[in-house]
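Below is one structure, written out as C-alpha coordinates, with a few remarks after it.
Read the numbers this way: they start at 1 and go in the same order the structure lists the ligands and their atoms.
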Amino acid sequence: MSNKILQAVRGMNDILPDEAELWLWFEDLVRAWLESYGYRNIRMPLLEPTALFKRAIGEVTDIVEKEMYSFEDSLNGDHLTLRPEGTASCVRAVLQHNLLYNAPQRLYYSGAMFRHERPQKGRYRQFHQFGVEALGFSGPDIDAEMILMCARLWRKLGIRDVTLQINTLGDTAARQRHRAKLIAYFSQHTGVLDADATRRLHSNPLRILDSKNPAMQELIGGAPKLMDELDEEALQHFAAVQKILRQHDVAFEINTRLVRGLDYYNRTVFEWVTTRLGAQGTICAGGRFDGLIEQLGGKPAPACGFAMGIERLLALLQEDGMENPPAPLDVYLVHQGELADGMASVVAEQLRDAGLRVLLHCGGGSFKSQMKKADASGACCAVIIGDDEARSGQATLKPLRGGEQACVALGELPGKINGLTDSN
Ligand code: ATP
Ligand code: MG
(Lines give C-alpha, C1' and ligand atoms only; values in the text may rest on other atoms or scores of the structure.)
(Ligands and ions follow the chains in the order given, each with its own letter.)
Protein backbone atom coordinates (compact mmCIF):
# COMPACT_ATOMS: atom_id res chain seq x y z
CA MET A 1 0.00 0.00 0.00
CA SER A 2 1.36 3.43 -0.89
CA ASN A 3 1.85 5.86 1.98
CA LYS A 4 1.70 8.92 -0.26
CA ILE A 5 -0.60 11.65 1.04
CA LEU A 6 -3.76 11.75 -1.06
CA GLN A 7 -4.77 14.99 -2.72
CA ALA A 8 -8.20 16.60 -3.10
CA VAL A 9 -9.92 16.29 -6.47
CA ARG A 10 -8.51 18.85 -8.93
CA GLY A 11 -10.47 22.09 -8.90
CA MET A 12 -11.99 21.35 -5.50
CA ASN A 13 -10.57 23.34 -2.61
CA ASP A 14 -10.16 22.89 1.09
CA ILE A 15 -11.02 26.04 2.94
CA LEU A 16 -8.63 26.11 5.87
CA PRO A 17 -9.50 27.62 9.26
CA ASP A 18 -7.86 31.04 8.69
CA GLU A 19 -9.82 31.54 5.50
CA ALA A 20 -12.93 29.91 6.89
CA GLU A 21 -13.16 32.78 9.41
CA LEU A 22 -13.67 35.08 6.44
CA TRP A 23 -16.31 32.75 4.98
CA LEU A 24 -18.24 32.66 8.25
CA TRP A 25 -18.14 36.41 8.58
CA PHE A 26 -19.30 36.78 4.98
CA GLU A 27 -22.08 34.20 5.29
CA ASP A 28 -23.46 35.85 8.46
CA LEU A 29 -23.47 39.23 6.77
CA VAL A 30 -25.20 37.87 3.67
CA ARG A 31 -27.85 36.04 5.70
CA ALA A 32 -28.66 39.21 7.65
CA TRP A 33 -28.92 41.12 4.37
CA LEU A 34 -31.25 38.49 2.83
CA GLU A 35 -33.48 38.51 5.90
CA SER A 36 -33.68 42.29 5.72
CA TYR A 37 -35.50 41.78 2.39
CA GLY A 38 -37.76 39.02 3.71
CA TYR A 39 -36.07 36.08 1.97
CA ARG A 40 -36.37 32.66 3.63
CA ASN A 41 -33.89 29.83 3.54
CA ILE A 42 -34.45 26.60 1.61
CA ARG A 43 -32.05 23.64 1.47
CA MET A 44 -32.00 21.15 -1.36
CA PRO A 45 -29.96 17.97 -1.91
CA LEU A 46 -26.63 18.19 -3.74
CA LEU A 47 -27.64 15.31 -6.01
CA GLU A 48 -30.60 15.45 -8.36
CA PRO A 49 -31.87 13.32 -11.22
CA THR A 50 -29.85 14.22 -14.32
CA ALA A 51 -33.10 14.79 -16.22
CA LEU A 52 -33.87 17.80 -14.02
CA PHE A 53 -30.89 19.81 -15.25
CA LYS A 54 -31.29 18.72 -18.85
CA ARG A 55 -34.86 19.93 -18.80
CA ALA A 56 -34.26 23.14 -16.85
CA ILE A 57 -30.93 24.41 -18.15
CA GLY A 58 -31.27 23.15 -21.74
CA GLU A 59 -29.56 20.35 -23.65
CA VAL A 60 -27.49 22.70 -25.80
CA THR A 61 -25.77 24.75 -23.11
CA ASP A 62 -22.17 24.70 -21.86
CA ILE A 63 -23.30 23.35 -18.52
CA VAL A 64 -25.30 20.38 -19.80
CA GLU A 65 -23.05 19.62 -22.77
CA LYS A 66 -19.72 19.57 -20.98
CA GLU A 67 -19.71 20.72 -17.37
CA MET A 68 -21.93 18.35 -15.41
CA TYR A 69 -20.74 15.70 -12.98
CA SER A 70 -23.21 13.06 -14.07
CA PHE A 71 -22.96 9.39 -13.31
CA GLU A 72 -24.95 6.25 -13.03
CA ASP A 73 -25.46 5.01 -9.48
CA SER A 74 -23.86 1.58 -9.64
CA LEU A 75 -26.17 0.32 -6.91
CA ASN A 76 -29.48 0.94 -8.64
CA GLY A 77 -28.78 2.37 -12.07
CA ASP A 78 -30.22 5.85 -11.32
CA HIS A 79 -28.88 8.69 -13.48
CA LEU A 80 -27.69 11.38 -11.08
CA THR A 81 -25.92 14.73 -11.31
CA LEU A 82 -24.14 16.85 -8.73
CA ARG A 83 -25.99 20.14 -8.97
CA PRO A 84 -24.24 22.64 -11.27
CA GLU A 85 -26.56 25.44 -10.12
CA GLY A 86 -29.40 25.90 -7.67
CA THR A 87 -32.38 27.30 -9.56
CA ALA A 88 -33.49 23.99 -11.07
CA SER A 89 -33.34 22.23 -7.69
CA CYS A 90 -35.08 25.08 -5.93
CA VAL A 91 -37.95 25.12 -8.41
CA ARG A 92 -38.16 21.32 -8.26
CA ALA A 93 -38.45 21.47 -4.45
CA VAL A 94 -41.05 24.23 -4.57
CA LEU A 95 -43.19 22.26 -7.04
CA GLN A 96 -42.74 18.95 -5.25
CA HIS A 97 -43.96 20.51 -1.98
CA ASN A 98 -46.52 22.79 -3.57
CA LEU A 99 -45.09 25.91 -1.93
CA LEU A 100 -46.66 28.22 -4.49
CA TYR A 101 -50.12 26.96 -3.57
CA ASN A 102 -51.38 30.19 -2.06
CA ALA A 103 -48.59 32.72 -2.02
CA PRO A 104 -45.50 33.69 -3.96
CA GLN A 105 -42.18 32.85 -2.32
CA ARG A 106 -38.97 34.74 -1.71
CA LEU A 107 -36.30 32.10 -1.13
CA TYR A 108 -32.55 31.78 -0.81
CA TYR A 109 -30.06 28.95 -0.52
CA SER A 110 -26.33 28.61 -0.31
CA GLY A 111 -23.82 25.89 -0.83
CA ALA A 112 -21.61 23.96 -3.18
CA MET A 113 -22.17 23.73 -6.94
CA PHE A 114 -20.21 21.45 -9.26
CA ARG A 115 -19.05 22.09 -12.82
CA HIS A 116 -16.39 20.21 -14.71
CA GLU A 117 -14.56 23.29 -16.03
CA ARG A 118 -10.87 24.02 -16.49
CA PRO A 119 -9.74 25.14 -13.02
CA GLN A 120 -8.18 28.60 -12.86
CA LYS A 121 -8.39 31.67 -10.65
CA GLY A 122 -12.08 32.27 -9.90
CA ARG A 123 -13.16 29.09 -11.68
CA TYR A 124 -13.34 25.86 -9.75
CA ARG A 125 -14.99 22.47 -10.10
CA GLN A 126 -16.61 22.78 -6.71
CA PHE A 127 -17.55 26.36 -5.99
CA HIS A 128 -20.09 28.02 -3.74
CA GLN A 129 -23.00 30.31 -4.34
CA PHE A 130 -25.70 32.20 -2.59
CA GLY A 131 -28.80 31.88 -4.74
CA VAL A 132 -31.88 34.05 -4.43
CA GLU A 133 -35.22 33.28 -6.09
CA ALA A 134 -38.51 35.16 -6.10
CA LEU A 135 -41.15 32.76 -7.41
CA GLY A 136 -44.63 33.85 -8.45
CA PHE A 137 -43.83 37.52 -9.07
CA SER A 138 -44.43 38.99 -12.52
CA GLY A 139 -43.74 42.72 -12.20
CA PRO A 140 -40.60 44.73 -12.94
CA ASP A 141 -40.60 45.76 -9.27
CA ILE A 142 -39.13 42.43 -8.19
CA ASP A 143 -36.44 42.49 -10.91
CA ALA A 144 -35.45 45.94 -9.70
CA GLU A 145 -35.62 44.92 -6.05
CA MET A 146 -33.12 42.15 -6.73
CA ILE A 147 -30.71 44.56 -8.35
CA LEU A 148 -31.15 47.14 -5.58
CA MET A 149 -30.49 44.46 -3.00
CA CYS A 150 -27.23 43.59 -4.69
CA ALA A 151 -26.23 47.24 -4.77
CA ARG A 152 -26.86 47.40 -1.03
CA LEU A 153 -24.75 44.32 -0.42
CA TRP A 154 -21.82 45.78 -2.36
CA ARG A 155 -22.11 48.94 -0.24
CA LYS A 156 -22.17 46.88 2.96
CA LEU A 157 -19.08 45.00 1.81
CA GLY A 158 -17.31 48.16 0.67
CA ILE A 159 -17.07 46.84 -2.90
CA ARG A 160 -16.84 49.72 -5.32
CA ASP A 161 -15.40 48.71 -8.68
CA VAL A 162 -18.31 46.68 -9.89
CA THR A 163 -20.58 47.59 -12.76
CA LEU A 164 -24.08 46.50 -13.55
CA GLN A 165 -24.95 45.25 -17.01
CA ILE A 166 -28.55 44.59 -17.92
CA ASN A 167 -30.40 43.35 -20.96
CA THR A 168 -33.78 42.00 -21.89
CA LEU A 169 -34.27 38.72 -23.70
CA GLY A 170 -37.93 39.37 -24.45
CA ASP A 171 -40.60 36.70 -24.60
CA THR A 172 -41.03 33.50 -26.58
CA ALA A 173 -42.50 34.94 -29.79
CA ALA A 174 -39.85 37.62 -30.11
CA ARG A 175 -37.12 35.10 -29.44
CA GLN A 176 -38.50 32.80 -32.11
CA ARG A 177 -38.43 35.64 -34.66
CA HIS A 178 -34.93 36.63 -33.61
CA ARG A 179 -33.75 33.04 -33.74
CA ALA A 180 -34.94 32.64 -37.32
CA LYS A 181 -33.14 35.86 -38.31
CA LEU A 182 -29.95 34.78 -36.56
CA ILE A 183 -29.92 31.43 -38.34
CA ALA A 184 -30.44 33.17 -41.67
CA TYR A 185 -27.67 35.69 -40.93
CA PHE A 186 -25.06 33.25 -39.65
CA SER A 187 -25.88 30.80 -42.47
CA GLN A 188 -24.65 33.43 -44.91
CA HIS A 189 -21.29 33.55 -43.13
CA THR A 190 -20.54 29.91 -42.37
CA GLY A 191 -16.87 30.46 -43.33
CA VAL A 192 -16.34 32.67 -40.25
CA LEU A 193 -18.09 30.40 -37.74
CA ASP A 194 -15.90 28.32 -35.45
CA ALA A 195 -16.70 24.73 -34.49
CA ASP A 196 -18.82 25.68 -31.47
CA ALA A 197 -20.82 28.20 -33.46
CA THR A 198 -21.33 25.81 -36.36
CA ARG A 199 -22.64 23.21 -33.98
CA ARG A 200 -24.98 25.74 -32.37
CA LEU A 201 -26.18 27.34 -35.57
CA HIS A 202 -29.44 25.40 -35.58
CA SER A 203 -29.66 24.20 -31.99
CA ASN A 204 -28.95 27.40 -30.04
CA PRO A 205 -27.94 30.31 -32.29
CA LEU A 206 -28.45 32.84 -29.50
CA ARG A 207 -25.44 31.40 -27.73
CA ILE A 208 -23.23 32.27 -30.72
CA LEU A 209 -23.62 35.89 -29.59
CA ASP A 210 -21.97 34.89 -26.32
CA SER A 211 -18.79 33.66 -28.06
CA LYS A 212 -15.52 35.17 -26.95
CA ASN A 213 -13.69 34.09 -30.13
CA PRO A 214 -11.97 37.27 -31.45
CA ALA A 215 -12.26 36.07 -35.05
CA MET A 216 -16.05 36.14 -34.82
CA GLN A 217 -16.55 39.47 -33.06
CA GLU A 218 -17.12 41.51 -36.20
CA LEU A 219 -19.66 39.04 -37.48
CA ILE A 220 -21.42 39.00 -34.11
CA GLY A 221 -21.41 42.79 -34.00
CA GLY A 222 -23.45 42.89 -37.20
CA ALA A 223 -25.95 40.19 -36.19
CA PRO A 224 -29.69 40.95 -36.00
CA LYS A 225 -30.61 42.43 -32.63
CA LEU A 226 -33.20 40.87 -30.37
CA MET A 227 -34.03 44.42 -29.24
CA ASP A 228 -35.55 45.03 -32.69
CA GLU A 229 -37.97 42.13 -32.25
CA LEU A 230 -39.24 42.81 -28.76
CA ASP A 231 -42.96 43.11 -28.05
CA GLU A 232 -44.40 46.23 -26.49
CA GLU A 233 -45.05 44.49 -23.17
CA ALA A 234 -41.48 43.28 -22.78
CA LEU A 235 -40.15 46.71 -23.70
CA GLN A 236 -42.37 48.34 -21.10
CA HIS A 237 -41.24 45.84 -18.49
CA PHE A 238 -37.61 46.61 -19.26
CA ALA A 239 -38.24 50.37 -19.20
CA ALA A 240 -39.94 50.05 -15.81
CA VAL A 241 -36.94 48.18 -14.36
CA GLN A 242 -34.64 50.93 -15.61
CA LYS A 243 -36.88 53.62 -14.17
CA ILE A 244 -36.70 52.13 -10.68
CA LEU A 245 -32.91 51.78 -10.95
CA ARG A 246 -32.59 55.44 -11.93
CA GLN A 247 -34.87 56.45 -9.08
CA HIS A 248 -32.40 54.80 -6.73
CA ASP A 249 -29.31 56.13 -8.50
CA VAL A 250 -28.11 52.66 -9.43
CA ALA A 251 -25.90 53.05 -12.49
CA PHE A 252 -26.20 50.45 -15.26
CA GLU A 253 -25.10 49.70 -18.78
CA ILE A 254 -27.37 48.06 -21.31
CA ASN A 255 -25.39 45.24 -22.87
CA THR A 256 -27.41 43.76 -25.72
CA ARG A 257 -24.93 40.88 -25.97
CA LEU A 258 -25.69 39.67 -22.48
CA VAL A 259 -27.61 36.43 -23.07
CA ARG A 260 -26.57 34.27 -20.07
CA GLY A 261 -25.52 30.65 -20.34
CA LEU A 262 -28.79 28.98 -19.42
CA ASP A 263 -31.82 28.55 -21.62
CA TYR A 264 -34.47 29.34 -19.06
CA TYR A 265 -34.01 33.12 -18.94
CA ASN A 266 -36.41 35.59 -20.52
CA ARG A 267 -36.93 39.35 -20.22
CA THR A 268 -34.61 40.99 -17.68
CA VAL A 269 -31.12 39.54 -17.29
CA PHE A 270 -28.26 41.14 -15.39
CA GLU A 271 -24.66 40.66 -14.36
CA TRP A 272 -22.47 42.49 -11.89
CA VAL A 273 -18.97 42.58 -13.31
CA THR A 274 -15.58 43.71 -12.05
CA THR A 275 -12.41 44.17 -14.06
CA ARG A 276 -10.30 43.27 -11.02
CA LEU A 277 -10.52 39.47 -11.21
CA GLY A 278 -9.21 38.90 -14.73
CA ALA A 279 -11.43 36.93 -17.06
CA GLN A 280 -13.55 35.62 -14.18
CA GLY A 281 -15.09 39.03 -13.52
CA THR A 282 -18.77 38.19 -13.05
CA ILE A 283 -19.48 38.08 -9.34
CA CYS A 284 -23.25 37.90 -9.51
CA ALA A 285 -25.70 37.10 -12.27
CA GLY A 286 -29.37 36.45 -12.76
CA GLY A 287 -32.60 37.34 -14.40
CA ARG A 288 -36.19 36.42 -15.04
CA PHE A 289 -37.28 32.88 -15.90
CA ASP A 290 -41.03 33.03 -16.42
CA GLY A 291 -41.21 29.74 -18.31
CA LEU A 292 -39.21 27.46 -16.04
CA ILE A 293 -41.88 26.55 -13.51
CA GLU A 294 -44.22 25.35 -16.24
CA GLN A 295 -41.34 23.63 -18.02
CA LEU A 296 -40.71 21.62 -14.87
CA GLY A 297 -44.34 20.55 -14.68
CA GLY A 298 -45.81 23.27 -12.46
CA LYS A 299 -48.77 25.55 -13.02
CA PRO A 300 -47.37 28.48 -15.03
CA ALA A 301 -45.91 31.13 -12.72
CA PRO A 302 -43.38 33.88 -13.31
CA ALA A 303 -40.09 34.05 -11.45
CA CYS A 304 -36.84 35.91 -11.12
CA GLY A 305 -33.55 35.14 -9.40
CA PHE A 306 -29.81 35.53 -9.20
CA ALA A 307 -26.75 33.79 -7.85
CA MET A 308 -23.44 35.08 -6.64
CA GLY A 309 -20.15 33.27 -6.53
CA ILE A 310 -18.72 33.31 -3.01
CA GLU A 311 -15.11 32.55 -4.08
CA ARG A 312 -15.11 35.47 -6.52
CA LEU A 313 -16.63 37.87 -4.01
CA LEU A 314 -14.13 36.92 -1.34
CA ALA A 315 -11.29 37.21 -3.84
CA LEU A 316 -12.48 40.73 -4.60
CA LEU A 317 -12.58 41.63 -0.90
CA GLN A 318 -9.08 40.24 -0.42
CA GLU A 319 -7.93 42.16 -3.47
CA ASP A 320 -9.18 45.26 -1.65
CA GLY A 321 -6.86 44.44 1.24
CA MET A 322 -9.47 42.89 3.50
CA GLU A 323 -7.80 40.71 6.08
CA ASN A 324 -9.16 37.57 7.64
CA PRO A 325 -11.06 38.45 10.79
CA PRO A 326 -9.31 37.39 14.02
CA ALA A 327 -10.06 34.01 15.58
CA PRO A 328 -13.26 34.30 17.58
CA LEU A 329 -11.76 33.66 20.99
CA ASP A 330 -12.03 35.64 24.23
CA VAL A 331 -9.94 33.62 26.66
CA TYR A 332 -6.96 31.29 26.56
CA LEU A 333 -6.89 29.42 29.84
CA VAL A 334 -3.40 28.64 31.10
CA HIS A 335 -2.97 26.31 34.07
CA GLN A 336 -0.26 24.37 35.84
CA GLY A 337 -0.15 22.36 39.06
CA GLU A 338 -2.27 19.53 40.34
CA LEU A 339 -4.88 21.67 42.06
CA ALA A 340 -4.93 24.20 39.20
CA ASP A 341 -5.34 21.54 36.51
CA GLY A 342 -8.36 20.16 38.31
CA MET A 343 -9.92 23.57 38.63
CA ALA A 344 -9.18 24.88 35.16
CA SER A 345 -11.88 22.97 33.34
CA VAL A 346 -14.45 24.04 35.94
CA VAL A 347 -13.47 27.68 35.49
CA ALA A 348 -13.57 27.28 31.69
CA GLU A 349 -17.14 25.95 31.90
CA GLN A 350 -18.17 28.84 34.17
CA LEU A 351 -16.73 31.37 31.75
CA ARG A 352 -18.63 29.69 28.89
CA ASP A 353 -21.79 29.87 31.02
CA ALA A 354 -21.19 33.61 31.04
CA GLY A 355 -21.13 33.60 27.23
CA LEU A 356 -17.37 33.76 26.72
CA ARG A 357 -15.39 31.80 24.12
CA VAL A 358 -12.72 29.90 25.97
CA LEU A 359 -9.86 27.73 24.80
CA LEU A 360 -8.69 25.53 27.64
CA HIS A 361 -5.02 24.64 27.26
CA CYS A 362 -4.55 20.90 26.93
CA GLY A 363 -1.36 18.90 26.96
CA GLY A 364 0.53 20.46 29.86
CA GLY A 365 3.84 22.29 29.46
CA SER A 366 5.50 25.18 31.30
CA PHE A 367 3.72 28.50 31.95
CA LYS A 368 6.08 30.06 29.44
CA SER A 369 5.22 27.67 26.62
CA GLN A 370 1.51 27.93 27.41
CA MET A 371 1.71 31.74 27.35
CA LYS A 372 3.33 31.58 23.91
CA LYS A 373 0.35 29.61 22.67
CA ALA A 374 -1.99 32.09 24.34
CA ASP A 375 -0.29 34.96 22.51
CA ALA A 376 -0.56 33.17 19.18
CA SER A 377 -4.19 32.17 19.70
CA GLY A 378 -5.75 35.53 18.89
CA ALA A 379 -7.58 35.48 22.24
CA CYS A 380 -8.24 38.78 23.91
CA CYS A 381 -6.82 37.69 27.26
CA ALA A 382 -5.21 34.86 29.13
CA VAL A 383 -6.59 33.57 32.40
CA ILE A 384 -3.75 31.99 34.37
CA ILE A 385 -4.28 29.54 37.21
CA GLY A 386 -1.44 28.10 39.27
CA ASP A 387 -1.76 26.19 42.51
CA ASP A 388 -1.39 29.42 44.54
CA GLU A 389 -4.29 31.01 42.67
CA ALA A 390 -6.32 27.83 42.92
CA ARG A 391 -5.92 27.75 46.71
CA SER A 392 -7.09 31.34 47.09
CA GLY A 393 -10.01 31.09 44.62
CA GLN A 394 -8.38 33.54 42.24
CA ALA A 395 -6.84 33.74 38.80
CA THR A 396 -4.43 36.07 37.05
CA LEU A 397 -6.07 37.94 34.20
CA LYS A 398 -3.61 39.06 31.56
CA PRO A 399 -4.82 41.17 28.62
CA LEU A 400 -3.05 40.04 25.44
CA ARG A 401 -3.49 43.22 23.45
CA GLY A 402 -2.03 45.73 25.89
CA GLY A 403 -2.82 46.47 29.54
CA GLU A 404 -1.70 45.39 33.00
CA GLN A 405 -2.28 41.94 34.42
CA ALA A 406 -4.23 41.66 37.67
CA CYS A 407 -5.28 39.15 40.27
CA VAL A 408 -9.04 38.62 40.11
CA ALA A 409 -11.43 36.59 42.28
CA LEU A 410 -12.92 33.77 40.18
CA GLY A 411 -16.45 35.09 40.64
CA GLU A 412 -15.45 38.44 39.16
CA LEU A 413 -13.66 37.02 36.12
CA PRO A 414 -16.54 37.17 33.61
CA GLY A 415 -17.29 40.82 34.38
CA LYS A 416 -13.64 41.83 34.16
CA ILE A 417 -13.13 39.89 30.90
CA ASN A 418 -16.22 41.42 29.34
CA GLY A 419 -14.80 44.82 30.26
CA LEU A 420 -11.66 43.93 28.29
CA THR A 421 -13.43 42.47 25.23
CA ASP A 422 -15.75 45.49 25.03
CA SER A 423 -12.83 47.90 24.93
CA ASN A 424 -11.17 45.91 22.11
P1 ATP B 1 -19.01 32.35 -16.19
O2 ATP B 1 -19.47 33.16 -17.35
O3 ATP B 1 -17.94 33.02 -15.40
O4 ATP B 1 -18.71 30.93 -16.55
P5 ATP B 1 -21.67 31.59 -15.49
O6 ATP B 1 -22.53 32.46 -16.33
O7 ATP B 1 -21.41 30.20 -15.93
O8 ATP B 1 -20.27 32.31 -15.19
P9 ATP B 1 -23.69 31.42 -13.47
O10 ATP B 1 -24.20 30.11 -13.86
O11 ATP B 1 -24.50 32.62 -13.78
O12 ATP B 1 -22.20 31.62 -14.01
O13 ATP B 1 -23.37 31.41 -11.90
C14 ATP B 1 -23.49 32.58 -11.09
C15 ATP B 1 -22.17 32.96 -10.46
O16 ATP B 1 -21.50 31.84 -9.91
C17 ATP B 1 -21.15 33.51 -11.44
O18 ATP B 1 -21.39 34.86 -11.68
C19 ATP B 1 -19.86 33.31 -10.69
O20 ATP B 1 -19.68 34.33 -9.72
C21 ATP B 1 -20.09 32.01 -10.00
N22 ATP B 1 -19.49 30.89 -10.75
C23 ATP B 1 -19.97 30.25 -11.83
N24 ATP B 1 -19.17 29.24 -12.21
C25 ATP B 1 -18.13 29.24 -11.33
C26 ATP B 1 -16.97 28.41 -11.16
N27 ATP B 1 -16.72 27.39 -11.96
N28 ATP B 1 -16.12 28.71 -10.15
C29 ATP B 1 -16.37 29.74 -9.31
N30 ATP B 1 -17.46 30.54 -9.40
C31 ATP B 1 -18.33 30.29 -10.39
MG1 MG C 1 -19.81 29.20 -16.87
Side-chain angles (χ1 to χ4, degrees), residues 8-15 19 23 26 30 53 56-58 60-69 81-91 108-133 146-147 149-150 153-154 157 159 161-167 169 196 200 204 206-207 209-213 255 257-266 268-289 292 303-319:
V9 176
R10 187 165 125 82
M12 304 199 177
N13 300 312
D14 299 307
I15 296 153
E19 212 195 334
W23 282 66
F26 177 80
V30 170
F53 301 113
I57 298 170
V60 196
T61 56
D62 280 348
I63 293 180
V64 172
E65 279 183 339
K66 52 190 184 200
E67 296 177 359
M68 293 209 302
Y69 281 92
T81 293
L82 277 168
R83 65 181 185 191
E85 56 107 51
T87 302
S89 312
C90 181
V91 169
Y108 78 90
Y109 48 82
S110 65
M113 305 292 161
F114 302 84
R115 297 186 194 174
H116 200 113
E117 304 193 73
R118 191 171 71 76
Q120 53 198 292
K121 188 177 171 226
R123 194 174 292 288
Y124 309 103
R125 290 181 172 175
Q126 175 177 330
F127 62 100
H128 300 79
Q129 289 182 336
F130 267 97
V132 181
E133 320 283 3
M146 291 195 149
I147 294 172
M149 289 168 70
C150 292
L153 182 62
W154 313 148
L157 292 168
I159 291 177
D161 303 331
V162 58
T163 54
L164 170 64
Q165 304 194 346
I166 61 174
N167 190 22
L169 302 180
D196 261 352
R200 288 184 164 156
N204 197 349
L206 193 64
R207 288 303 309 286
L209 302 179
D210 218 11
S211 163
K212 298 192 171 68
N213 183 350
N255 175 1
R257 288 190 48 186
L258 188 69
V259 298
R260 311 278 305 115
L262 303 88
D263 277 358
Y264 52 62
Y265 288 110
N266 71 312
T268 318
V269 288
F270 62 91
E271 288 194 2
W272 291 91
V273 187
T274 170
T275 52
R276 313 246 315 273
L277 297 175
Q280 275 60 251
T282 305
I283 54 171
C284 174
R288 193 159 263 292
F289 44 94
L292 183 62
C304 189
F306 65 90
M308 51 195 185
I310 301 181
E311 283 84 355
R312 290 188 195 175
L313 270 161
L314 293 182
L316 191 57
L317 291 175
Q318 283 168 327
E319 186 86 357

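- Here is the list of ligand 1 atoms found below 4.0 Å of a heavy atom in Ala285: 11 (O).
- The residues Arg115 and Glu85 are annotated as not salt-bridged, no charged nitrogen and carboxylate oxygen being separated by less than 4.0 angstrom.
- At least one heavy atom of Arg312 lies less than 4.0 angstrom from ligand 1.
- The protein heavy atom nearest to atom 28 (N) of ligand 1 is Tyr124 N, 3.0 Å.
- The nearest protein atom to atom 14 (C) of ligand 1, hydrogens excluded, is given as Gln129 NE2, 3.2 Å; this is a heavy-atom distance.
- When hydrogens are left out, the protein atom nearest atom 26 (C) of ligand 1 is Phe127 CD2, 3.4 Å; that is the closest non-hydrogen contact.
- Residue contact check: Thr282 has heavy atoms under 4.0 Å from atoms 17 (C), 18 (O), 19 (C), 20 (O) of ligand 1.
- Close approach of ligand 1 to Ile283 (heavy-atom distance below 4.0 Å) involves ligand atoms 18 (O), 20 (O).
- Under a 3.5 Å cut-off, the side chain of Arg312 and the backbone N or O of Gly122 do form a donor-acceptor pair.
- If you check which protein heavy atom lies closest to atom 21 (C) of ligand 1, you get Gly309 CA, 3.7 Å.
- Every atom of ligand 1 with a heavy atom of Glu117 under 4.0 Å away is listed here by number and element: 24 (N), 26 (C), 27 (N).
- With hydrogens and angles disregarded, no donor-acceptor distance shorter than 3.5 Å links the side chain of Glu133 to the backbone of Gly131.
- Ring planes of Tyr69 and His116: tilted class, angle from 30 to 60°.
- Distance alone, capped at 3.5 Å, is enough to place a donor-acceptor pair between the Thr274 side chain and the Asp161 backbone.
- When each atom of ligand 1 is checked for a heavy atom of Cys284 under 4.0 Å away, the hits are 18 (O).
- At a threshold of 4.0 Å, the pair Arg207-Glu65 does not count as salt-bridged, since none of the basic side-chain nitrogens sits closer than that to a carboxylate oxygen.
- A donor-acceptor contact shorter than 3.5 Å links the side chain of Glu311 to the backbone of His128.
- Remark: side-chain polar atoms of Asn204 are paired, donor with acceptor, to backbone N or O of Val60 under 3.5 angstrom.
- Checking Arg260, Gln126, Arg125, Arg123 against atom 4 (O) of ligand 1, the nearest heavy atom belongs to Arg123.
- Evaluated by nearest non-hydrogen atom to atom 5 (P) of ligand 1, the leading choice among Glu85, Arg115, Glu67 is Arg115.
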